[in-house]
Protein chains: 2
Amino acid sequence: MAESTDTIFEQFPGGVFPAACSSRVLLDHVMSKWGVLVLVSLTDGPQRWSDLRRRAQGISEKMLAQTLKTLEADGLVHREQQPVMPPRVDYSLTPLGEDLAEVLVPLLRWVGRNADAIIGPATT
Amino acid sequence: MAESTDTIFEQFPGGVFPAACSSRVLLDHVMSKWGVLVLVSLTDGPQRWSDLRRRAQGISEKMLAQTLKTLEADGLVHREQQPVMPPRVDYSLTPLGEDLAEVLVPLLRWVGRNADAIIGPATT
DNA sequence: CAGAATCCATGAGGATACTG
DNA sequence: CAGTATCCTCATGGATTCTG
């Protein structure tokens, strides 16, 4: 298993990404507290604003709006508004977003599998 | 490839992790700005404090200390101090940390591959 | 070298209220 | 329903100084 985990520095000889490069920016978007949850939530299929609020428990409207805008600007999330009253908007992963999800989900699974053992069943 | 990306909710029927559960806590540790960089940096082998500072460009001493402590408390990073003068301390991944790295590195690779196209070659 | 401790600024992020 | 706007708090995180 070593050949897939110890070669990442070949791509980034300058360190773990030079500071202030595009990788760092994208990393912050993708790895942000809410970005991860929104992206993974959307792997379940297109969802509406209120769905996402329910899925990503604890997210505020401000953060949801901000997160969705960032991910949309990055081309990871697609926003589809229907001009009806009351308004209806669906969010979904773009092909690029789905591609990202394929490497993101294994990480989330790992966290889910190990969280209780590492952190403890309840934070209290 | 669908069967591996659309079933994550089976494990977490309550949403994308209920708020304030152990998964959220661990997720924040692992996905934190500097946590990722330190963990991935250590996939390259054991490293000293000053190595890590150089690898994770832009990290402050405070953040490096804080990050390492969290990751060590989580059992992801091993700290080995040699009682010599001047002090020498080596950090490395624990088996658990290596396990995590195997799902983390593909994500980092993805970010490295797509960052320029998504964000733009220079943030300026 | 490998940190600990302190101070301080910024902005991430929450609560609330309002709108189309 | 799907947001926007505003205010405000507190924690992230940088800079600096000190120590074993």
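Note that the coordinates shown come from a computational prediction; the quantities given were computed from them, not determined experimentally.
- With sequence neighbours left out, the salt bridge (Lys or Arg N to Asp or Glu O under 4.0 Å) criterion links B/Arg53 to B/Glu61.
- For D/dC1, neither phosphate oxygen OP1 nor OP2 lies less than 4.0 angstrom from any side-chain nitrogen or oxygen of A/Arg48.
- Atoms CG (B/Asp51) and P (C/dG3) sit 12 Å apart, rounded to a whole Å.
- Looking at the side chain of A/Val89, the nearest of the listed nucleotides D/dT4, C/dC1, D/dA2 is D/dA2.
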I'd like a table of atom pairs between the protein and nucleotides 11-14 of chain C - only N or O on both sides, under 3.5 Å - with the distance next to each one.
unit_1, atom_1, unit_2, atom_2, d
C/dG13, N7, A/Lys62, NZ, 2.5
C/dG13, O6, A/Lys62, NZ, 2.9
C/dG14, OP2, A/Ser60, OG, 3.2
C/dG14, O6, A/Lys62, NZ, 2.7

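- Among the nucleotides D/dT4, C/dG3, D/dG20, the one closest to any side-chain atom of B/Glu61 is C/dG3.
- Scanning for side chain to side chain donor-acceptor pair (under 3.5 Å) contacts around B/Asn114 gives an empty result, with sequence neighbours left out.
- A/Leu64 has its CG atom 10 Å from the P atom of D/dA2, to the nearest Å.
- The side chain to side chain donor-acceptor pair (under 3.5 Å) search around B/Arg113 returns none, not counting sequence neighbours.
- At whole-Å resolution of the value, CG in B/Asp28 and C1' in D/dG13 are 16 Å apart.
- Dashed line: the shortest gap from a side-chain N or O of A/Tyr91 to OP1 or OP2 of D/dG3 is under 4.0 Å.
- With sequence neighbours left out, the salt bridge (Lys or Arg N to Asp or Glu O under 4.0 Å) criterion links B/Asp51 to B/Arg54.
- With sequence neighbours left out, the side chain to side chain donor-acceptor pair (under 3.5 Å) criterion links A/Trp49 to no other residue.
- From B/Glu102, atom CD reaches atom CG of B/Leu93 across 10.5 Å, with rounding to the nearest 0.5 Å.
- Of the residues in residues 70-85 of chain A, A/Arg79 come within less than 4.0 Å of DNA chain D through at least one heavy atom, sorted by number.
- Under the rule for a salt bridge (Lys or Arg N to Asp or Glu O under 4.0 Å), the partners of A/Asp90 that lie at least two apart in sequence or sit in another chain are A/Arg88.
- Atoms CZ (A/Arg88) and C1' (C/dG20) sit 18 Å apart, rounded to a whole Å.
- In this view, B/Asp99 and A/Trp110 satisfy the side chain to side chain donor-acceptor pair (under 3.5 Å) rule, not counting sequence neighbours.
- Each side chain to side chain donor-acceptor pair (under 3.5 Å) pair with one or both residues in residues 62-73 of chain A, not counting sequence neighbours, would appear here, but there are none.
- Residue pairs meeting the salt bridge (Lys or Arg N to Asp or Glu O under 4.0 Å) criterion with at least one partner in residues 27-43 of chain B, sequence neighbours excluded, are A/Asp28-B/Lys33, A/Lys33-B/Asp28.
- Between B/Leu37 atom CG and D/dT12 atom C1' there is a gap of 16 Å when expressed in whole angstrom units.
- Between A/Leu37 and A/Arg55 the shortest side-chain heavy-atom distance does not fall below 4.5 Å.
- The overall bend of the helix from C/dC1-D/dG20 to C/dG20-D/dC1, read as the angle between its terminal helix axes built from five base pairs each, is 50° when rounded to 10 degrees.
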